[in-house]
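Have a look at the structure below before the remarks.
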Amino acid sequence: MGLLPAILPVLVVISISASGVLNNPVSQIGRPVAKQMYPRVLKQMYPRLPKLVHPRLPKQMHPRVPKRMYPREPKQRHPNVPRAQPVQSFQDGGTARDVKLTNYKDVFYYGPITIGTPGKTFNVAFDTGSSATWVPSSRCPASNIACQKHEKYNNASSSTYKGDGQSFFTQYDLGEISGYWSQDSVTVAGLTVKNQAFGEAVIESEIFEDTKNDGILGLGFTNVSAGEKPSVFDNMVSQGVLPVPVFSFYLNRMETGGPDSVLTLGGTNPDYYTGDFTYVDLSQPDRWQFKMDRVQLYNGNTIFSRRECPAIVDSSTSLIVGPVDEIDILNIELGGIALPGFPKMYVLDCSKIDNLPDVEFILNGQKLSLSSRDYVLKITDDEDSLCFSGFVGKRFEEGETPTWTLGISFMRAFYTQFDKGRNRIGFAKAIP
Ligand SMILES: *[C@@H]1O[C@H](CO)[C@@H](O)[C@H](O)[C@H]1NC(C)=O
Ligand SMILES: *[C@@H]1O[C@H](CO)[C@@H](O)[C@H](O)[C@H]1NC(C)=O
């Protein structure tokens with residue numbers, strides 16, 4: 001087994017939508033990552049590691065960023081506006097709404113929705129890589145621990161429930177959910193859609209037991225002409241509750257103590273980004289995918305990706321995934337040392353990460369740079385720190401198109417706007 005038990009949670013996080021739209025084990029991410037990744041555990045397994053990682057970094061080398069460096073504290077700026085109220089001055093006019101998200105250790109974000117009348121609250125992952133919405137069902141058996149450990153939907157408690165009865169099944173890389181479809185009102189940030197089809201999960205794989213989220217709300221595409229059920233976002237658009245068919249993510253960093261993470265429905269919120277958006281057109285009609293010009297270092301002196309490489313933006317992948325041959329070269333260039341196992345994780349020298357180069361993503365001719373602060377995953381326990389590269393390789397089968405996945409570590413650096421009306425994605429520099 002080697003390394004796998006220790007960093008399995010990370011691998012799980014990584015393996016995510018590397019395999020495609022509906023194959024996205026989002027819920028994995030809520031597992032207790034840090035505990036199982038204690039540097040101590042890794043070092044017992046790999047005695048060579050201590051030489052690589054400078055375990056007892058003096059604290060002052062990585063000072064905590066003082067809060068006052070980031071004066072944008074929404075609470076001070078909008079003292080009386082609760083998060084779920086309409087916010088003015090959105091780019092596209094009209095009324096957009098913010099959903100406050102909770103940041104779980106910088107690897108995963110989730111937020112509340114309510115289902116039914118009266119509404120019952122569930123925490124869900126908002127997943128751009130899948131389209132179905134599901135929550136645990138009160139009808140799940142006592143033996144299904146994953147279901148029992150989370151909030152459950154009970155049709156008898158809702159006056160707006162409508163039965164559907166078709167069976168619901170969704171498969172992720174490391175687990176699956178089965179149950180049946182139901183319909184009810186679903187409310188997100190005060191916006192209600194009626195007769196929303198969602199999955200009531202009766203059987204959930206064991207891997208979902210420790211997730212922070214109860215279920216998933218898919219923000220990916222549905223093909224209604226192929227008989228798929230319209231997503232929550234589709235229904236928000238068709239039921240006229242959004243001014244424009246756009247949603248946007250601001251994902252914060254735990255260390256800075258900045259504003260809360262936010263999903264904005266129906267527009268973008270200029271409080272959370274600076275400068276202009278770089279837009280890329282979707283290259284597939286059914287997923288948040290586009291063609292990336294290239295990935296490079298040192299202003300293009302070193303280029304790692306194939307030209308016009310497809311990339312998807314995935315709010316439920318923690319790291320950045322790319323074809324293994326390209327990622328290997330990139331990580332070696334960054335001074336990474338590969339740990340055995342697959343997907344391969346690369347360890348970086350924590351004392352050198354401040355000097356690492358920016359990794360430059362060229363999108364639509366514009367350069368979007370990720371600094372080491374964005375792409376290094378630092379795991380700290382009481383005594384030790386370990387630094388991992390946030391670039392993870394995936395092997396693609398013959399016939400599959402090598403694709404990059406720009407996950408949370410990318411979206412944290414770039415406020416991301418998903419525009420279904422104009423079939424494009426926009427990136428702007430996120431506030432710190
Ligand atoms: C509603 O849930 C109950 C169990 O709580 C179940 O027996 C019933 O069949 C459900 N109603 C429909 C229409 O599926
Ligand atoms: C949606 O489904 C229809 C019917 O199966 C198919 O012809 C069409 O190509 C699909 N559209 C997309 C975007 O996959």
Side-chain angles (χ1 to χ4, degrees), residues 17 19-24 113-122 127-171 177-186 193-204 214-215 218-238 245-247 280-291 310-314 399-401 403 405 418-425:
S17 50
S19 52
V21 170
L22 285 170
N23 240 350
N24 203 333
I113 63 171
T114 66
I115 303 183
T117 310
K120 166 152 187 162
T121 301
F122 296 88
D127 177 21
T128 59
S130 65
S131 58
T133 292
W134 64 264
V135 294
S137 173
S138 63
R139 283 208 257 171
C140 69
S143 57
N144 194 258
I145 296 164
C147 178
Q148 293 300 340
K149 281 173 89 169
H150 291 97
E151 291 299 328
K152 289 175 280 293
Y153 174 83
N154 183 347
N155 69 26
S157 309
S158 173
S159 62
T160 40
Y161 163 75
K162 286 188 185 142
D164 174 313
Q166 281 179 273
S167 58
F168 175 88
F169 178 79
T170 183
Q171 169 87 50
I177 299 293
S178 57
Y180 46 89
W181 287 97
S182 290
Q183 280 188 19
D184 209 331
S185 299
V186 173
V193 288
K194 293 181 182 130
N195 303 322
Q196 174 63 48
F198 65 98
E200 278 193 56
V202 175
I203 305 292
E204 300 177 31
D214 303 305
L219 290 167
F221 289 73
T222 40
N223 187 343
V224 177
S225 49
E228 291 174 21
K229 312 214 184 243
S231 69
V232 171
F233 189 72
D234 288 345
N235 280 332
M236 284 187 169
V237 174
S238 65
V246 172
F247 62 88
V280 289
D281 291 327
L282 298 188
S283 56
Q284 295 277 323
D286 58 350
R287 54 160 101 185
W288 295 110
Q289 178 171 323
F290 63 96
K291 284 188 178 142
I312 62 170
V313 189
D314 192 338
E400 277 185 304
T401 310
T403 302
T405 300
F418 297 82
D419 186 338
K420 229 169 170 175
R422 283 171 275 203
N423 285 319
R424 64 181 188 178
I425 306 174

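Order of listing sets the numbers, starting from 1, for every ligand and every atom in it.
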| task | Give a yes-or-no answer on whether the side chains of Ser182 and Asp164 include a donor-acceptor pair shorter than 3.5 Å. | result | no
| What protein heavy atom is closest to atom 9 (O) of ligand 1, reported as residue, atom name and distance in Å? | Arg139 NH1, 3.7 Å
| Going by the order shown, which atoms of ligand 2 are within less than 4.0 Å of some heavy atom of Asn223? | 1 (C), 2 (O), 3 (C), 8 (C), 10 (C), 11 (N), 12 (C), 14 (O)
| message | How far is atom 5 (O) of ligand 2 from the closest protein heavy atom, and which atom is that? | response | Ala226 CB, 3.7 Å
| Purely on distance, is any nitrogen or oxygen of Asn155 under 3.5 Å from one on ligand 1? | yes
| Ring center gap for Trp288 and Phe247 short of 6.0 angstrom | yes
| message | When you measure from the heavy atoms of Tyr161 to every atom of ligand 1, does any distance fall below 4.0 Å? | response | yes
| message | Between Asn235 and Gln196, is the side chain to side chain donor-acceptor pair (under 3.5 Å) condition met? List the steps. | response | CA-CA 7 Å; Asn235 280 332; Gln196 174 63 48; 2.7 Å; yes
| field | Heavy atom of protein inside 4.0 Å of atom 11 (N) of ligand 2, strictly below | value | yes
| Over 12 non-hydrogen atoms of neighbours within 6.0 angstrom of NZ in Lys291 | no
| remark: Within 4.0 Å of some non-hydrogen atom of Ser225, the atoms of ligand 2 are 1 (C), 2 (O), 3 (C)
| said: Between Asp184 and Lys194, does any NZ, NE, NH1 or NH2 come within less than 4.0 Å of an OD or OE carboxylate oxygen? | reply: no
| task | Only counting residues at least two apart or in another chain, list the ones meeting side chain to side chain contact (heavy atoms under 4.5 Å, CB included) with Ser157. | result | Asn154
| request: May I ask you to list the atoms of ligand 2 that are less than 4.0 angstrom from any heavy atom of Pro285? | output: 13 (C)
